[in-house]
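Nothing here was measured: the structure is a model prediction, and the numbers come from that model. Here is the naming used below: chain letters follow the sequence lines, and residue numbers restart at 1 for every chain.
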There are 2 protein chains.
Amino acid sequence: MHGYDKHAYEPFAVTVDLAVLTLRAGALHVLLVERGQEPYAGRWALPGGFLLPEESAETAARRELAEETGLADVTGLHLEQLRTYSEPGRDPRMRVVSVAFAALLPHPPEPRGGGDASQARWVPYDAAVDLAFDHDRILADARDRVGAKLEYTCLATAFCPPEFTLGELQQVYETVWGTALDRPNFRRKVLATPGFVEAVPGAARLTGGRGKPAALYRAGPATTLHPPLLRTPREGRPA
Amino acid sequence: MHGYDKHAYEPFAVTVDLAVLTLRAGALHVLLVERGQEPYAGRWALPGGFLLPEESAETAARRELAEETGLADVTGLHLEQLRTYSEPGRDPRMRVVSVAFAALLPHPPEPRGGGDASQARWVPYDAAVDLAFDHDRILADARDRVGAKLEYTCLATAFCPPEFTLGELQQVYETVWGTALDRPNFRRKVLATPGFVEAVPGAARLTGGRGKPAALYRAGPATTLHPPLLRTPREGRPA
DNA sequence: CCCCTTAATAGTCACTACGACTATAAAGAG
DNA sequence: CTCTTTATAGTCGTAGTGACTATTAAGGGG
């Protein structure tokens, strides 16, 4: 362990891969880049790249996101380590160990290609298939993780702008989980959880024109939900 | 991204570190090895070591566990990736990225030193301080993760032998969480969760001699708890 | 042998959380 | 003005659970 004598020290390439998720027009989207070179040239992939000698995986993840997509200094970016993929053969060129991240952001700007990516684009989650490397699996793992964390953390606000309506917050849950939620019950639950959201006094937003204006809320100081907001097996009514 | 042109490919050493947890005499213990060489020679550390070229991190974790501690082919070992630690400078010798695992096992055998470890030993969790590298942090993260997963998964049975009493299962929760639970309520909850445990027909075990013999149970097919078994802020009565 | 202790198991009660639902309020469209 | 849409308020019944009390089945000490 941690010694040179017993096992030869073998060098590995270490990369980061990012599953950047957001909500656009009520649908879950993921940020993909088109690969400019072999292997998998022309195929879509998650943004990512090699770790530099003097940076942590978290730092590298932010740098790569900025470089490849032009999403520099995004406000409200939630970055979270997913897991590390280390199966031999996952990169046909060489031995690569990749630290995968899930990133959530609100109000996504339009990305541009850059770095090694010929272009970058938001792609609906369901259309993001047949990706390069094992990125299909990483993306699925990211969605699973995010869906699970919605249950017992306040993560959902990471998909929302600084001020949002409860309807928008509910849309986050409905979109990620793929289920419909009862609006009064959702509202009761969120407001009953101390620190989840805070009312913005006197503010309201017209919801796309029609209907009663909704009150605005900000994310509160809480990070976990006690008790959790469970996604029950059979919930909601048809949308 | 994943190209050679833009960034130089920098080699890293990749290791695995294991936080192997078990219950001994009603207390949480962690498996530690004494380092045989610099850096941190003589200090206690989590078992672990370098990844070999043709193995995944999971494979390496099992191999290192066997090599360094003599715990070869342990039955009922639960191995789970925790996260990857990649801060520069976490190893004074060189740039090392480490994939950390949490491992749970029942009825631990007495380990022996081996490999690069001069000795291996079960250490009570609270006594496992001042470890080498950033292993204090990894160990704390492992305990947090296990404690959280007890709430919404059937992980607790991984600490128990194949057949166990509900009292033993409750001890797992109480020990990891550090709280006392009400026995009748715990029982009601566990038995009401389909697939958590299955009764072993006609079997009972004398519980240390005194008291009514307890019925024996096996782990059931379920993996998640719906609804979860929450550790509430103020729970239980003084032990 | 009886009674005490210990631990497992059974059952009660009240309160909370929540799913399902109805009702009201406030906006725009026609 | 009325219809539609969306937000918000409130009601009702039930499942889950915290806090208990009661009973059962073992060993130990007199």
Rounded to whole Å, please give me the gap between [atom1] in [X] and [atom2] in [N].
X	N	atom1	atom2	value
A:F186	D:dT8	CZ	P	12 Å
A:K212	C:dA27	NZ	P	8 Å
B:R210	D:dG29	CZ	C1'	10 Å

**Asked** A:Y173: what forms a ring pair (Phe, Tyr, Trp, His ring centres under 6.0 Å) with it, not counting sequence neighbours?
**Response** A:W177, A:F186
**Message:** Tell me whether the side-chain N/O atoms of B:R183 come closer than 4.0 Å to OP1 or OP2 in C:dA7.
**Reply:**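 So the side chain of B:R183 is outside the cut-off, no N or O lying under 4.0 Å from OP1 or OP2 of C:dA7.
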**Item:** D:dT17 phosphate, OP1 or OP2, under 4.0 Å from B:K189 side-chain N/O
**Value:**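 For D:dT17, OP1/OP2 do have a side-chain N/O of B:K189 under 4.0 Å.
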**B:S56: partners by side chain to side chain donor-acceptor pair (under 3.5 Å), with sequence neighbours left out** = B:T59
**Request:** Not counting sequence neighbours, which residues clear side chain to side chain donor-acceptor pair (under 3.5 Å) with A:T84? List them please.
**Result:** B:T84
**Complete:** Separation between CH2 (B:W44) and CD (B:Q119), nearest 0.5 Å, reads 4.0 Å
**Request:** Answer with base, sugar-phosphate or nothing: what part of the nucleic acid does A:A192 contact at a heavy-atom distance below 4.0 Å?
**Result:** nothing
**B:N185 side chain, from C-beta outward: closest of D:dT5, D:dA19, D:dG27** =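 Minimum distance to the B:N185 side chain belongs to D:dA19.
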**Asked** Can you name the residues that form a salt bridge (Lys or Arg N to Asp or Glu O under 4.0 Å) with A:R188, not counting sequence neighbours?
**Response** none
**Request:** Using the test salt bridge (Lys or Arg N to Asp or Glu O under 4.0 Å), find all partners of B:R145 that sit at least two apart in sequence or belong to another chain.
**Result:**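 In terms of salt bridge (Lys or Arg N to Asp or Glu O under 4.0 Å), with neighbours along the sequence ignored, B:R145 is linked to B:E80.
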Anything under 3.5 Å between a protein N or O and an N or O of nucleotides 13-15 of chain C, put it in a table, one pair a line.
none

